[in-house]
Each structure stands twice: as C-alpha cells, then as structure tokens.
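Nothing fancy with the numbering, it's 1 onward along the sequence.
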Amino acid sequence: MNEHSGNWQAEGHDPLTPDPVGLKFDNSFARSLEGFYVAIGENQSPDPKLVLLNDALASELGLDVGFLRSEHAVDILSGKHKAEGSSPLAQAYAGHQFGGFSPSLGDGRAMLIGEIIDTNGSRRDLQLKGSGRTPFSRGGDGKAALGPVLREYLVSEAMHALGIPTTRSLAAVTTGENVFRETALPGAVLTRVASSHIRVGTFQFFAARGQEDKVRQLADYAIERHYPELIDHPEKYLHFLRAVGRRQSRLVAKWMSVGFIHGVMNTDNMTISGETIDYGPCAFMDSYRADSVFSSIDEMGRYAYRMQPTILQWNLARLAECLLSLIDPDDRDKAISVATEEINRIPQEYEAAWLDEMRSKIGLRKPLKDDKKLIETLLQVMEDGKADFTQTFRSLAKALEGDRNVFLSSFSQLADAESWLNEWHARLEKENTAIDAMIQSLDAKNPIYIPRNHLVEEGLEAAVSSEDHLPFEQLLSHVTEPYAKKPKSERYEVGASATSAPYVTYCGT
C-alpha cells in the first residue's frame, strides 16, 4: 500500500470545505523565545498544487487527510496563506560551515508555521522549506525548485523507514512559478516535520554575541522540550550536553551502518533532538569506500563517510563551548574541565553505538571482544573487493542458508571474502541461536532497497523535465518498504554500472 499519495496533475484536485480545526497549532517557540526569530508574513505562490501527501504521517500528526487535500490547506502549505492560529517565523542561528564560523545564518528559505501535538502527545514542528524570502535570505530568493524538494521528501522518508531518527516530509507542493538557478525550474515547497529545528548553531548565534541569558533561556527551553527528565537535575546543563552527545552518537552510528553520507555536517545542520536534518548533498554508497565524498564543494573530504564520527565530536565541542557559562557560572576553568571530559567521552559513546549496529548487521547478539576486528576486517575486504555495501550485508542471510555465492558475487577478490565468511561462521557458533532466528534477524536489519543515487536522479529528472512521475513514485514505494522483497524489482537492488560517471551532489534548493 502506498502511503504517499500524489496529485501530480493540476486537474483532479477537488477542493473540500476547509475544516476549521484541520491545522490546530501551538506556538511554544514563538511564545517562549522572543528575540530568537523574525516573524514572517505571507509569500506569493501564484497557483499552488499538491504534488505529494504523506497520508500515514498526516494520520500520525492527527491531521485530516481530506482537509490537507483542500485548496485552502494547499494554499497554507505553499506559504500563500497563513493558517488560523499560526505564527510563521524564521529562526535565527549561526554555524560552522566547513570549519569556518558564520555568525548569522538563520532560516533563509524556510519558515516555521507552528507546532502540532501529535497522536502520541509529542510536539512536532511544521516548517515550510522553499516558501520565499526571509530576513535571513542574504540576497537569495528563499525559494526551492521541485527537484531538491522531491529529493528531501524521498531520502527523509527512506531514512525513517530504515529506523533512523530524521525530520519527515508531510507534503510537497508546486507553487505555479519558476525559480531560476542555472536555468528556469518549477518552484516547490516542502512541508517538513521535526521534533524541533533547534540546532547547535542556534546556541552559537547567541553565545557568539555574549548573550548568556539567551543561551540559558534556549537551553531551558530545549531541556523542557527534549530532555524533560533533566529539568530538576542539579547539573542539568552538563547532563544536557551529555544527552545530546549520546543521541547524536547513536544517530551517526546508524548513518554509518547503512552507508549514508550526510555531506554537510555543519553545526547548523546538527539538531539538539538527535534527528537527521537537511538533505542537500547527501548520498548512500554503492561500493564501499571509507573515503566516499559526494558533495561538489567538499574538496578536502571534511565530511567524507569515515570522517563523520570525528565531525560529530568536533560539532559537540562547539556546543560545549556555548554552555560553559551555564555548566559552572563561577569557575570557567572547572567548566572547561568537566565539559572536556564529556567531549572526550564521545568516541567511546559512538563506538559502543556503532558496534551495537554492526553486530546486529552480521547477526551477533552476544558481545565478544574480537567482534570489532571481525567487523573491521569485513569492511576492509569490502573496500579491497569493491563490494556493494547494501548487497553485501543483505546477502549474509543467504550465506547462512548455504548459498555462499550470493555473498561472494559482490567481491572482485574472492579469497579474502571466503576467508572472512569462514571466520564469521565460526563466530556464529558461539551465539547459541537457532539458524532460522539468525536469518530472520539479519533480514530484519539489512535493507534490500536504499535510494540508489542513479535511480534518485532518474526519478527527479523525469518528474522535473518530463512531468513523468512514475519513476519517482516507484522508487519511493521501494525505499519506504526497504526490507520487503518486491517482485520484478531487481533494478532497485543494484548500484550504477561501472561505466557511470562519479556521482556528485550539490548544496542548496
């Protein structure tokens, strides 16, 4: 069943009577953090049309799907009209971008239209990305093209299906006007859902200006919203740093376990909630290579696959710097010392999370001391043998069933792969787990389908250039059910041909 229903054509959209409670907003960020944002008015979208609606997410948010299809709701989701009870705003933040500090960034092409309490009682942001200029646009038009909007919709929903904390995509709407990049492209707006949009860079914005009262105000709000168990803790700001570090360590470990490269791990792209945010120059690896980089501007490989754990720690150190005056207001040296201890914990925190992820990918439940070596050996053999990351792990269940050739077929060098397979079988004997249970566990952990880069580009090109949306819809249906084998879907399981040009992604929308 496809939970992402589309209205790809301009016709066939039957406006329904607007439901006055179709979008019931709360606005705690606007209410609690005056001075942390700039209010935004309506933007012009000449002829908004619904492209995609995430029915399942709408239901989770407690929203009426029929209402969201109405002309009134589509106008709201394009930024054309303000919803009743909404307080549209652009959040202020700073950030280290490729290591260089920018003191004033902010939402240059996005606006938070409000917060919704979902069916689980959780507070969720609704943000429009690409709806037009804000005071933070810095000369840009604040708008987005359809291709990048569809890319973020697809990849964020794929990440969710893989069990990786992420912002979500509720809707994609075309605006009825072109945006101009290298050429004229159809404009579009993404409705993004997040636990919040508070970033490390949000703290940096105020810390860089010496506004310690605002840093404290922001920290108290973030703790109440994301870590309420710390509200009355006597060392709540130190433990807040620890809690963010733990969530982010687990998040990056999950990225690494599926071969995902974020591409722009700037501090303004690291959330306090521990969700993945911003899908610009991101990609999944085909053949495993630790130095994989896909961003066109990451010429030095700062955000390469293997560097993501290092950048995780670096970014968290920047958060720690913002919190020093809160950790110990009276003794800065002591604050630096205890914060440094927390930052020094991150590699161990990350490695423990990574080992948990990777053990489960090779069917291990009982932790043994040589497991790390076994996993690292496999990755090295994969790199030497130019093996496909996703297919290699998925084929382990077949190898356990007795079909070793499915696993070995991924490798250009068979001897090392066969040697590792023998070591793995010997290690599994120490698990004392039934083979059927191991096979089931392996297939539940290792996906068949990921957003293969060449298929993503194929789907976007067809949708944007030819208004042929079938390739995109078919890919979306596969990556949002990544563990379920589909008939006649072999092309979605494999990477691009060896003769294809190296894959490159670009920042911006």
Side-chain angles (χ1 to χ4, degrees), residues 1-5 19-33 52-69 73 76-77 83-87 91 110 112-129 152-153 155-172 190-199 220-233 239-240 243-244 246-251 253-254 270-279 353 444 476 479-483:
M1 179 178 177
N2 187 2
E3 298 172 330
H4 305 264
S5 49
D19 181 346
V21 295
L23 288 167
K24 188 174 182 180
F25 288 110
D26 190 32
N27 302 288
S28 70
F29 193 94
R31 188 169 61 245
S32 305
L33 296 173
L52 280 172
L53 180 66
N54 190 335
D55 294 358
L57 178 56
S59 297
E60 183 183 316
L61 294 172
L63 302 178
D64 183 84
V65 172
F67 167 75
L68 292 176
R69 293 186 176 284
I76 292 170
L77 297 180
E84 184 176 352
S86 171
S87 294
Q91 294 181 336
L112 175 66
I113 60 173
E115 301 149 19
I116 286 177
I117 308 302
D118 69 16
T119 56
N120 297 315
S122 298
R123 183 177 297 272
R124 312 279 284 277
D125 279 2
L126 259 64
Q127 185 193 69
L128 303 185
K129 188 173 181 182
E152 179 153 348
Y153 191 111
V155 181
S156 62
E157 288 306 299
M159 293 284 273
H160 174 71
L162 290 168
I164 299 174
T166 180
T167 59
R168 302 284 306 279
S169 296
L170 175 63
L190 178 77
T191 304
R192 183 161 71 183
V193 179
S195 293
S196 83
H197 286 83
I198 303 171
R199 313 151 189 261
D220 288 342
Y221 176 86
I223 288 169
E224 183 176 0
R225 183 160 177 176
H226 296 297
Y227 304 94
E229 69 278 8
L230 299 178
I231 290 174
D232 296 321
H233 197 288
H239 283 259
F240 170 62
V244 174
R246 184 175 297 119
R247 283 196 190 176
Q248 282 290 341
S249 295
R250 292 172 181 169
L251 176 65
K254 286 182 178 293
M270 177 175 276
T271 62
I272 297 304
S273 66
E275 291 180 331
T276 314
I277 191 170
D278 285 338
Y279 292 93
L476 181 65
V479 301
T480 52
E481 294 182 344
Y483 304 99

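- Summarising the geometry of Met159 relative to Thr276, their closest heavy-atom pair is CE-OG1, 4.0 Å, with the distance given to 0.1 Å.
- In this structure His197 satisfies the side chain to side chain donor-acceptor pair (under 3.5 Å) test together with Asp125, Gln127, Arg192, sequence neighbours excluded.
- Glu275 places a side-chain N or O within 3.5 Å of a backbone atom of Ser195 that can act as its donor or acceptor partner.
- Residues Glu157 and Arg168 are paired through a salt bridge, judged by an N-O separation under 4.0 Å between the basic side chain and the carboxylate.
- The backbone N or O of Ser122 lies less than 3.5 Å from no partner atom in the side chain of Asn120, so there is not a single donor-acceptor pair.
- From Leu190, atom CG reaches atom CG of Leu128 across 9.0 Å, with rounding to the nearest 0.5 Å.
- Residues Ser196 and Arg225 approach most closely at CB-CZ, 3.6 Å, considering heavy atoms.
- Nearest heavy-atom pair across Ser87 and Ala30 is CB-CB, 4.2 Å.
- Annotation: the span from Leu53 atom CG to Leu77 atom CG amounts to 8.0 Å, rounded to 0.5 Å.
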Task: Intermediate values then yes/no, side chain to side chain contact (heavy atoms under 4.5 Å, CB included), Leu57 and His160 - done: CA-CA 11 Å; Leu57 178 56; His160 174 71; over 6 Å; no
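- Applying the side chain to side chain donor-acceptor pair (under 3.5 Å) test to Asn27 and every residue at least two apart in sequence or in another chain returns nothing.
- Listed for the Ser32 side chain is no donor-acceptor partner under 3.5 Å among the backbone atoms of Phe29.
- To the nearest 0.5 Å, atom CZ of residue Arg69 and atom CG of residue Asp55 are 5.5 Å apart.
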Open item on the list: If you apply the rule side chain to side chain contact (heavy atoms under 4.5 Å, CB included), what do you find for Ser28 with Tyr221, and how did you get there?
Closed with: CA-CA 9 Å; Ser28 70; Tyr221 176 86; 2.7 Å; yes
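- With contacts defined as side-chain heavy-atom distances shorter than 4.5 Å, the pair Arg124/Leu170 does not qualify.
- Atom NE2 of His226 is separated from atom CZ of Arg123 by 10.0 Å, given to the nearest 0.5 angstrom.
- Side chains of Glu152 and Ser169: no donor on one and acceptor on the other come within 3.5 Å.
- Side chain of Glu481 to backbone of Ala161: no donor-acceptor contact under 3.5 angstrom is found.
- Going from atom CD1 of Ile272 over to atom CD1 of Ile223 covers 10.0 Å, rounded to the nearest 0.5 Å.
- The two residues Leu63 and Ile116 come nearest to each other via the heavy atoms CD2-CD1, 3.7 Å.
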Open item on the list: For Met270 and Leu251: C-alpha separation, side-chain torsions, deciding distance, then whether side chain to side chain contact (heavy atoms under 4.5 Å, CB included) applies.
Closed with: CA-CA 11 Å; Met270 177 175 276; Leu251 176 65; over 6 Å; no
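- Salt-bridge check for Lys24 with Asp64: failed, with every basic side-chain N at 4.0 Å or more from each acidic carboxylate O.
- Considering every non-hydrogen atom in both Leu126 and Phe25, the closest pair reads CD2-CE2, 4.2 Å.
- Using a 30° and 60° split on the angle between ring planes, His233 and His239 fall in the tilted class, from 30° to 60°.
- Open room surrounds CG on Asp232; 12 or fewer heavy atoms of other groups in view lie less than 6.0 Å from it.
- Closest of all the heavy-atom pairs between Arg31 and Asp26 is NH1-OD1, 2.9 Å.
- Side-chain polar atoms of Thr167 and Tyr279 form no donor-acceptor pair below 3.5 angstrom.
- For the atom pair Ile164 CD1 and Thr166 OG1, the distance stands at 8.5 Å (nearest 0.5 Å).
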